[in-house]
Amino acid sequence: MVYKNKDLKKIKYNYKKIIFSVLLIIYLIGLCTGCCFALKNADNFSFVQKVTFTEKMIKSGNNSIFSLCRDILLITAVIVLKYSGILKGLCAVVPFIMSVQNSSLYTVRLCSEKTGFFSLLFNVILKDTAVSFLILIYCYITVNDIISGRGTPKNDLKKRIIYITGIILIYIIDFAIKGFILPLQ
């Protein structure tokens, strides 16, 4: 009988769990950092908006084209960093940048605009959480590709198009729910 080594599969599975856990921790650290930064500079929210590049997203409203462009640029940044040679590992920082921007955006809206938490949750946080999860999954797949040494630009282009389509669909669903379904009630 042939002995099959199952330990290698267990080790690979554990590495994948650890990678996703590290990406989630990086995302949560970014949320805490953005909130702390915004609250520390609560007397000057325009400074917070300029530093975190959220000024146009706050001024343009809940469903802005700027936030869609930001999300597409974050997906593109992941793939650019993957093929940037020595900077490959920086693609794991993209969730941190995204979460810092999101949390400072939420804090500024809660404090300066006197928006209620449930209004903010329904209007902004649900959409941003869905997009953030898609970007986290894309970063997870990219980091696994980097570790395993796989990298075909043709397949990466297909993956990027699929994830960008998913982000656009999230924005369309959000717009449809807020624009067509809720006014009928």
Side-chain angles (χ1 to χ4, degrees), residues 19-35 37-38 45 48-84 87-110 113 115 119-146 153 155-182:
I19 290 169
F20 192 72
S21 299
V22 167
L23 286 174
L24 278 177
I25 289 170
I26 289 171
Y27 181 77
L28 292 174
I29 289 171
L31 283 175
C32 295
T33 303
C35 284
F37 177 71
F45 279 130
V48 173
Q49 293 171 6
K50 287 180 183 176
V51 169
T52 58
F53 303 111
T54 58
E55 187 173 22
K56 291 183 181 179
M57 286 187 276
I58 290 175
K59 289 181 180 177
S60 64
N62 293 336
N63 296 326
S64 67
I65 193 74
F66 297 111
S67 57
L68 176 63
C69 291
R70 180 204 60 168
D71 297 335
I72 291 172
L73 283 174
L74 287 173
I75 290 280
T76 306
V78 171
I79 199 69
V80 166
L81 289 170
K82 179 181 179 182
Y83 289 109
S84 64
L87 299 174
K88 285 182 183 181
L90 284 179
C91 64
V93 178
V94 171
F96 178 81
I97 295 167
M98 174 185 53
S99 62
V100 166
Q101 287 182 337
N102 285 344
S103 62
S104 65
L105 179 82
Y106 305 152
T107 306
V108 168
R109 285 193 176 172
L110 275 173
E113 297 177 6
T115 306
S119 173
L120 184 68
L121 178 73
F122 180 72
N123 289 327
V124 183
I125 294 177
L126 289 177
K127 173 186 54 83
D128 285 346
T129 303
V131 171
S132 300
F133 192 69
L134 271 179
I135 293 174
L136 273 172
I137 291 172
Y138 188 69
C139 287
Y140 168 73
I141 290 171
T142 304
V143 169
N144 281 329
D145 286 348
I146 290 171
N155 288 340
D156 288 335
L157 180 65
K158 289 178 185 177
K159 287 179 195 173
R160 189 178 74 185
I161 290 172
I162 290 170
Y163 280 94
I164 288 174
T165 304
I167 289 172
I168 291 171
L169 284 175
I170 289 171
Y171 276 88
I172 290 171
I173 290 170
D174 184 60
F175 177 73
I177 288 173
K178 292 175 186 166
F180 299 121
I181 295 174
L182 288 179

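- D174 contributes atom CG, which lies 11.0 Å from atom CG of L68 (distance to the nearest 0.5 angstrom).
- In this structure, CG on L74 lies 10.5 Å from CD1 on I164, to the nearest 0.5 angstrom.
- Looking only at side-chain heavy atoms (C-beta outward), T54 and R109 stay at 4.5 Å or farther from each other.
- Atom NZ in K127 sits 9.5 Å away from atom CD1 in I170 (nearest 0.5 Å).
- Enclosure of atom OH in Y83 by more than 12 non-hydrogen atoms of other residues, nucleotides or ligands within 6.0 angstrom is indicated.
- Using a 4.5 Å heavy-atom threshold, the side chains of V94 and Y138 count as separate.
- Shown here are the salt bridge (Lys or Arg N to Asp or Glu O under 4.0 Å) partners of D128, two or more places apart in sequence or in another chain: there are none.
- Between S103 and F37 the shortest side-chain heavy-atom distance does not fall below 4.5 Å.
- Rounding to the nearest 0.5 Å places SG of C35 at 10.5 Å from CG of L105.
- The two residues M98 and R70 come nearest to each other via the heavy atoms O-NH1, 4.1 Å.
- Here the CG atom belonging to L81 is positioned 8.5 Å from the CD1 atom belonging to I146, to the nearest 0.5 angstrom.
- Looking at V93 and I26, their side chains never come closer than 4.5 Å, going by heavy atoms from C-beta outward.
- Looking at heavy atoms from C-beta onward, T107 lies out of side-chain contact with L110 at the 4.5 angstrom threshold.
- In this structure, T33 and F96 have side chains that are in contact, with non-hydrogen atoms separated by less than 4.5 Å.
- Separation of atoms CD1 (I125) and OG (S132) is listed at 10.5 Å; rounding is to 0.5 Å.
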Do K159 and D145 pass the salt bridge (Lys or Arg N to Asp or Glu O under 4.0 Å) test, and can you show the C-alpha distance, the side-chain angles, and the key distance before you say yes or no?
-> CA-CA 12 Å; K159 287 179 195 173; D145 286 348; 2.9 Å; yes
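- For the pairing with Y163, the side-chain contact (heavy atoms from CB on, under 4.5 Å) check across I135, I168, V78, I141 returns one residue only, I141.
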Evaluation steps, side chain to side chain contact (heavy atoms under 4.5 Å, CB included), between C91 and V143 = CA-CA 7 Å; C91 64; V143 169; 4.0 Å; yes
Give the intermediate values and the outcome of side chain to side chain contact (heavy atoms under 4.5 Å, CB included) for residues Y27 and L23.
-> CA-CA 6 Å; Y27 181 77; L23 286 174; over 6 Å; no
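- For G30 against S99, the heavy-atom pair with the smallest separation is CA-OG, 3.0 Å.
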